[in-house]
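In what follows, a single structure is set out as structure tokens and then discussed.
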Amino acid sequence: GTFRPIPKSAVPEDRRIIGSTIVYDAKVDEHGNLERRKARLVGKEYAVGYDGRLLYSPVVDFDSIRLLVAIAVRYKLPIEQCDISTAYLNGVLETKVYMKTFAGLLQWAKAIRHTDTANIIAAKKSLLKQHQMSVANGDDMVLEVSRGIPGFRESGRAWNLELHKTLTTKLNFVSLRSDKCVYVRKVNGSIQILAVFVDDIIMVGYGILKLITQLSKSYALKQGGKLKWFLSVRYTWMEDGSVLLDQSQFIDTLLERFHLTDMHPYPTPMAEKTVFSKSDCPPPSERIDKPYAELVYAMLYIARWTRPTIALSIAILCRFAQNPAMKHWKAALRVLGYLKGTKHQGITYTPHVVNSGLYCFADAEHATLDPDTRKSFGGRVIMYAGGPISWKVKQHSRPAGSTPVAEYYTLSDASEDVKGLSQMLAELGFPEPGAIPMFEDNRMARLVANSQCKEKRMKSVDLKYHIVKDLVDSG
């Protein structure tokens with residue numbers, strides 16, 4: 001069982017009793033329509049101190065998801081999704097957790113399944129009232145929990161280990177070295193790929209229905225059909241096999257959350273020649289009362305998923321999340337206004353392009369965007385199936401002495417990312433033939449990378465940045 005009631009006196013002295021609550025949520029589809037309501041018993045283990053347990057649980061990287069979608073488009077493979085119901089309950093905790101309960105919990109858990117929609121609100125109020133009263137009164141019984149439930153620190157890890165064991169031992173999948181949450185296997189000469197994000201799974205390849213049947217023998221599944229809505233990203237499939245990834249619904253949610261649905265749209269995410277300095281930040285007594293960090297980090301999620309065009313703007317604004325000025329807040333609003341005006345834009349992958357393979361663009365500025373440290377910003381975007389699958393804007397860890405040095409730093413960082421994605425394609429069974437093209441607009445950086453000139457101007461460059469030369473030399 002998941003838990004059993006025991007008296008408080010039976011709890012070991014070295015274990016703390018955590019609180020609990022009921023969390024309600026509503027799940028929507030790709031059009032924003034209500035799919036179903038959910039109620040969960042959640043433990044408040046976040047309120048107690050860390051006790052040294054292993055807690056890390058990996059999830060699939062965003063770049064890996066986009067790569068799998070692009071592979072499905074390029075090679076015209078089926079791609080579907082499924083959701084594992086009450087996934088955490090399948091994971092067995094290494095250390096039992098003791099949790100406060102309340103009167104009527106078991107009775108409510110059985111009765112709520114048969115409650116019609118008209119009585120759900122009344123049931124919620126009654127349950128919350130019982131919970132608050134029992135916690136306040138300090139009931140003598142607690143729950144000894146042996147399986148994962150939401151709110152427990154170890155739940156994610158326990159579930160990940162359980163699913164990994166099932167996929168590798170029962171279904172003969174192999175976890176990739178380049179991404180531990182991507183699994184691959186061959187069945188009758190055909191490749192099947194899984195990407196796991198907690199309890200949501202993307203499946204690529206032929207024979208998916210048989211795979212779902214095999215997986216359903218171990219877990220309760222909800223089959224979602226062809227991939228269309230995953231982690232707040234909508235996938236719109238065209239008749240020619242192309243797909244558009246956008247987050248228009250997520251952008252609308254942001255506009256409503258910050259009461260900015262009537263704001264003016266902007267044609268660009270940031271005004272030309274905009275430069276911010278730490279000298280713009282106000283003293284503690286004059287800090288602005290605006291949800292700056294909340295807005296910027298929400299837009300960071302969009303920048304990481306479907307909108308590389310705002311990546312630089314968000315990277316700059318994130319530097320002032322701790323102490324923003326009014327000019328930073330207005331700049332953040334401009335980015336949101338740009339998203340509003342372009343909310344239906346996103347990323348498109350198509351099989352009908354001349355160069356559908358892997359290639360990369362890299363570029364950098366030299367000491368203009370950060371007047372405080374004079375450290376340069378560099379960016380790169382890696383393309384596959386006609387669209388970007390990976391991109392990054394990063395401030396260099398040290399100042400660059402010249403523009404070629406700044407460009408070379410960025411080119412080196414980009415080469416490592418290209419190598420990682422190339423290795424993942426090889427592990428998945430779709431290796432890229434020959435060398436991978438990398439485009440850089442600085443002539444000196446290109447010459448140094450190709451070992452075609454002396455490196456007098458590059459003497460200050462750390463050895464780690466010369467990886468790009470090794471990769472070029474090895475082909």
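Hydrogens, waters and symmetry mates are skipped; everything else that's a heavy atom, side chains included, is used. The residues of the chain are indexed from 1 along the displayed sequence. Quick caveat, the model's predicted, so the values are computed rather than measured.
- A donor-acceptor contact shorter than 3.5 Å links the side chain of Asp372 to the backbone of Lys278.
- Residue-environment remark: CG (Asp262) stays at or below the threshold of 12 foreign heavy atoms within 6.0 Å.
- At least one donor-acceptor pair under 3.5 Å links the side chain of Arg66 to the backbone N or O of Trp305.
- Shown here for Gly420 and Ser178, the closest heavy-atom pair between the two residues is O-CB, 4.5 Å.
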>> Evaluate Val182 against Leu428 for side-chain contact (heavy atoms from CB on, under 4.5 Å), listing each step before the verdict.
In response: CA-CA 9 Å; Val182 177; Leu428 292 172; 4.0 Å; yes

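- Using a 3.5 Å distance cut-off with no hydrogens or angles, the side chains of Arg334 and Ser313 do not pair a donor with an acceptor.
- In terms of modelled atom types and a separation under 3.5 Å, the side chain of Gln81 and the main chain of Asp200 share no donor-acceptor contact.
- What you find for Ser232 and Gln247 is that their closest heavy atoms are O-CG, 3.5 Å.
- Looking only at distances, a side-chain donor or acceptor of Asp179 sits under 3.5 Å from a matching main-chain atom of Asp61.
- Met383 is not listed as a side-chain neighbour of Phe439, based on a closest heavy-atom distance of 4.5 Å or more.
- Between Asp370 and Arg319, at least one side-chain nitrogen of the basic residue sits less than 4.0 Å from a carboxylate oxygen of the acidic one, meeting the salt-bridge criterion.
- Contact check for Phe173 versus Leu211: side-chain heavy atoms found under the 4.5 Å cut-off.
- A donor-acceptor pair is defined here as one N or O able to donate and one able to accept, closer than 3.5 Å; such a pair exists between the side chain of Thr274 and the backbone of Ala271.
- Across all their heavy atoms, Leu358 and Leu425 have their closest contact at CD2-CD1, 4.1 Å.
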>> Applying side-chain hydrogen bond (donor to acceptor under 3.5 Å, both in side chains) to Asp240 and Ser242, what does each step give before you reach the verdict?
In response: CA-CA 6 Å; Asp240 64 351; Ser242 303; 3.1 Å; yes

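- Residues His344 and Leu244 share a closest heavy-atom pair of O-CD2, 4.0 Å.
- Contact between Tyr301 and Leu231 at its shortest, heavy atoms only, is OH-O, 2.6 Å.
- Across every non-hydrogen atom of His328 and Leu317, the tightest pair is O-CD2, 4.1 Å.
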> Going through the distances and angles, do Glu162 and Tyr219 end up as a side-chain hydrogen bond (donor to acceptor under 3.5 Å, both in side chains)?
Replying inline: CA-CA 11 Å; Glu162 161 64 25; Tyr219 311 111; 2.8 Å; yes

> Step by step, would you call Gln223 with Glu80 a side-chain contact (heavy atoms from CB on, under 4.5 Å)?
Replying inline: CA-CA 8 Å; Gln223 187 175 351; Glu80 297 193 16; 3.5 Å; yes

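- You'll find the ring centres of Trp159 and Phe152 outside the 6.0 Å limit.
- When atom types are taken as modelled, the side chain of Arg147 and the backbone of Leu89 share a donor-acceptor pair closer than 3.5 angstrom.
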>> Could you walk me through whether Ser390 and Arg380 satisfy the side-chain hydrogen bond (donor to acceptor under 3.5 Å, both in side chains) test, starting with their C-alpha distance in whole Å, then the side-chain angles of each, then the deciding distance to 0.1 Å, before giving a yes or no?
In response: CA-CA 8 Å; Ser390 178; Arg380 56 88 176 146; 2.7 Å; yes

